[in-house]
Structure formats: C-alpha cells, structure tokens
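Working notes for the structure below.
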2 protein chains.
Amino acid sequence: MSTVDGIEEPVFSAWGPKPASAHECNQSLQAVQDALYVLNGKWKLPIIIALDNGASRFGEIQRAVNGITPRVLSKELKDLEMNEFIVRRVYPTTPVSIEYELTDYSATLQGVTEALRNWGIQHRERILKRN
Amino acid sequence: MSTVDGIEEPVFSAWGPKPASAHECNQSLQAVQDALYVLNGKWKLPIIIALDNGASRFGEIQRAVNGITPRVLSKELKDLEMNEFIVRRVYPTTPVSIEYELTDYSATLQGVTEALRNWGIQHRERILKRN
DNA sequence: CGGAATCCCAAAAGATACTG
DNA sequence: CAGTATCTTTTGGGATTCCG
C-alpha cells in the first residue's frame, strides 16, 4: 500500500480522507457499527426528529411519525430514554400529562440526521425520476 | 413564529435551519424515513464501507464486517445490487472469481457514513467513559 | 389521553453444514 | 472460494383489549 516511485498510489474512492491503515479502516467501520447499534430500526431517528420538530406528547409523536403504532412507539421511547436521548416528564395535572423532551446529548446526532435528510431528499428525487 | 421586537424567537434546538412550517417538518421527516427504508438493517452501510476500504471479494467482505454470516451477507449484497449501490462482476478465470464494486451512486452516501462514523466514535468514547 | 398487557404472526437473522 | 440449504431463534410489529 505504500507509494512506490513513479507508481500512482491507488485511489480507492472519493470518500474518506484515505484508506489509511487496515487498523484505521476497522476502527471506522466499527464506529459505524456502534452507531447503528443504538440507532437501530426505522423509528428512532424519525422519533427524535419529530421531537425536534416540536412534538412532545405521545399522541403528537405518533401522528408525526408516519405509520408507527402505540405499542412500538412506547417501546422505542423506552429505548431512547435508556440511551439518554430523551427524558420523560410527568406533570401532576388532572389527568396527568406526560411530555417527552430531547436531551442535550441527542443534539449530537444533528450531523447524522442532516446527512440522512439530505441524502433522502435526493434519493427520493432519483427514484421518482426513474419511474 | 415571526420575531417580534423585544421578544426572543423561540429556539427549538441547535439543529436544523429552523422548525419552518409543519409541511417542511413532515418533508424532512419523510426524507429520513425514505433514507432509512433503503439503508435498513445493521449491515448495509458497514458493507458499503468495507467495499470502500478495499474489500471486493465475498470472503474479504465477510471478514471485514464484524459478525455477519454468509447467509445474511449474500442477501444483503443482492439488496445492495438491486438498489444500485454495488455491481457484481464475474471474471471467467478458473475458478471464476467474483468481485463486488461500489457504483458511483454509492458515493452519494459519503456524507451519511461520515456523519455516522464521527458520531459513532464519540458515542463509543462516551459509553466507555461512563463505565 | 397515554399508555400497558396480551396474543399472534411474519420476517429477519443466527448457527451449522454442505456443495459446485 | 462463493455461496446454498436447513433449521432454529429472535425481532418487529399488527390487532385488540384494558386501565387510570
């Protein structure tokens, strides 16, 4: 993999800074696998985005996220709470009102959601154009 | 939602450009759901990254992606081919050799993988620190 | 309204073995 | 090497009901 005089260094792609060492490759790949581990499934990021868009009540979130059932939403909210992406607040009104709120830590996901949103937009256009 | 003199504009978060209209919120959320639809599961992005890191043969990919079984890898590769992220090339050597290669379109995922990688790295550190 | 509980099914994924 | 076949387990998620 080292550059030999007069021989072009192989260009792997337009992607990362470089292929770098095999070790760094594995690290990078492992990081993505780590990320996908906590963000698994099709609901977690959409829920976080819904909360960011202003939803806070269970029903609001359910309406915002296309197609999720209460059963699944309930479970996902617990997951997100465990991973410290949201907090669940109970207000002693009558009847009690419950609000979900993003934590500061969830803000670190900004780059991820932004990248996914941008990619999703152009991907959708591409699909529509093809048909 | 417009700024009134002397009254702070409500800040929803440190995220997107703005909450904007409910319509735009839904669009943004839908875009992410679109993206997650084709990138679903824990394997697709890691496989793409492995390919980008230089792997091209079935066995290489399997070794690069931590924990994937041949059965699942086979299925995921077909999915990725269908979605035009990779191409499968058969070379008439003896025995035949088969190579998987990223398409140009897969390069559009660069932003997504980079964001996930960066987030994954700091998330891992956070978890390790907490324990 | 905001869930929890239960039941159930289908799809996804893992383990292992095997083949051209 | 590049998968397939088979089997088992796990997960996701729909439907429905119930509760405070």
Side-chain angles (χ1 to χ4, degrees), chain A residues 29-30 32-48 50-51 53-83 85-102, chain B residues 29 32-51 53-83 85-102:
Chain A
L29 213 164
Q30 189 59 52
V32 172
Q33 291 195 260
D34 287 348
L36 292 175
Y37 180 75
V38 280
L39 301 176
N40 66 69
K42 46 178 173 176
W43 300 120
K44 296 202 174 54
L45 286 173
I47 289 171
I48 289 177
L51 285 165
N53 284 346
S56 60
R57 308 292 301 271
F58 191 92
E60 287 175 344
I61 304 170
Q62 193 185 351
R63 276 185 295 277
V65 178
N66 199 328
I68 196 167
T69 63
R71 179 203 205 286
V72 175
L73 178 54
S74 174
K75 182 218 157 212
E76 296 289 301
L77 286 172
K78 280 175 190 162
D79 271 21
L80 290 172
E81 200 184 353
M82 272 190 20
N83 284 310
F85 290 125
I86 65 174
V87 286
R88 181 182 192 265
R89 294 231 161 79
V90 183
Y91 297 97
T93 55
T94 49
V96 296
S97 53
I98 296 169
E99 297 193 356
Y100 297 91
E101 199 179 301
L102 292 178
Chain B
L29 213 165
V32 171
Q33 291 195 261
D34 287 348
L36 292 175
Y37 179 74
V38 281
L39 301 176
N40 66 72
K42 44 178 174 174
W43 300 120
K44 295 200 176 53
L45 286 172
I47 290 170
I48 288 177
I49 293 172
L51 285 165
N53 283 346
S56 59
R57 310 291 299 270
F58 190 93
E60 286 175 343
I61 303 169
Q62 193 184 351
R63 276 185 296 278
V65 178
N66 200 329
I68 197 167
T69 63
R71 176 204 210 295
V72 175
L73 177 54
S74 174
K75 183 222 156 208
E76 296 289 300
L77 287 172
K78 281 174 190 164
D79 271 21
L80 290 171
E81 202 185 352
M82 273 191 18
N83 284 309
F85 290 126
I86 65 174
V87 286
R88 182 183 190 262
R89 295 230 160 81
V90 183
Y91 297 97
T93 55
T94 50
V96 296
S97 53
I98 295 169
E99 296 194 355
Y100 295 91
E101 199 179 299
L102 293 178

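In what follows, chains are A, B, ... by sequence order, proteins preceding strands, each numbered from 1.
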Detail all sub-3.5 Å separations between protein N/O atoms and N/O atoms belonging to nucleotides 7-12 of chain C.
unit_1, atom_1, unit_2, atom_2, d
C/dC7, N4, A/R71, NH2, 2.9

Any A/Y100 side-chain N or O less than 4.0 Å from OP1/OP2 of C/dG3: yes
Atom pair CD1/CD1 of B/I47 and B/I86 - distance to nearest 0.5 Å: 7.5 Å
Partner set under salt bridge (Lys or Arg N to Asp or Glu O under 4.0 Å) for A/R89, not counting sequence neighbours: A/E101
Pairs touching residues 33-47 of chain B that satisfy side chain to side chain donor-acceptor pair (under 3.5 Å), sequence neighbours left out: A/R124-B/D34, B/Q30-B/D34, B/N40-B/K44, B/K44-B/E76
Residues within residues 57-69 of chain B bordering DNA chain D, heavy-atom distance below 4.0 Å: B/R57, B/F58, B/G59
Gap between atom CG of A/L45 and atom CG of A/L80 - 0.5 Å precision: 9.0 Å
Separation of A/L77 CG from A/M82 CE (nearest 0.5 Å): 13.0 Å
Rounded interatomic separation in angstrom, taking CD1 from A/I47 and C1' from C/dG2: 15 Å
Contact nearer the 5' end of DNA chain D, comparing A/W43 with A/P70: A/W43
Contacting residues from residues 35-42 of chain A, given that a heavy atom lies under 4.0 angstrom of DNA chain D: A/K42
Closest heavy-atom pair and its distance - A/P46, B/L29: CB-CD2, 3.7 Å
Net bend of the helix from C/dC1-D/dG20 to C/dG20-D/dC1, end axes of five pairs each, nearest 10 degrees: 40°
side-chain contact (heavy atoms from CB on, under 4.5 Å) between B/L73 and B/V65, worked out: CA-CA 9 Å; B/L73 177 54; B/V65 178; over 6 Å; no
Contact boundaries on DNA chain D for chain B, cut-off under 4.0 Å to non-hydrogen atoms: D/dC1 to D/dC7
For A/I98, all residues meeting side-chain contact (heavy atoms from CB on, under 4.5 Å), sequence neighbours excluded: A/R88, A/V90, A/Y100
For B/R57, side-chain contact (heavy atoms from CB on, under 4.5 Å) partners two or more places apart: B/E60, B/S97, B/E99
Separation between CG of B/L102 and CD1 of B/I48, rounded to the nearest 0.5 Å: 6.5 Å
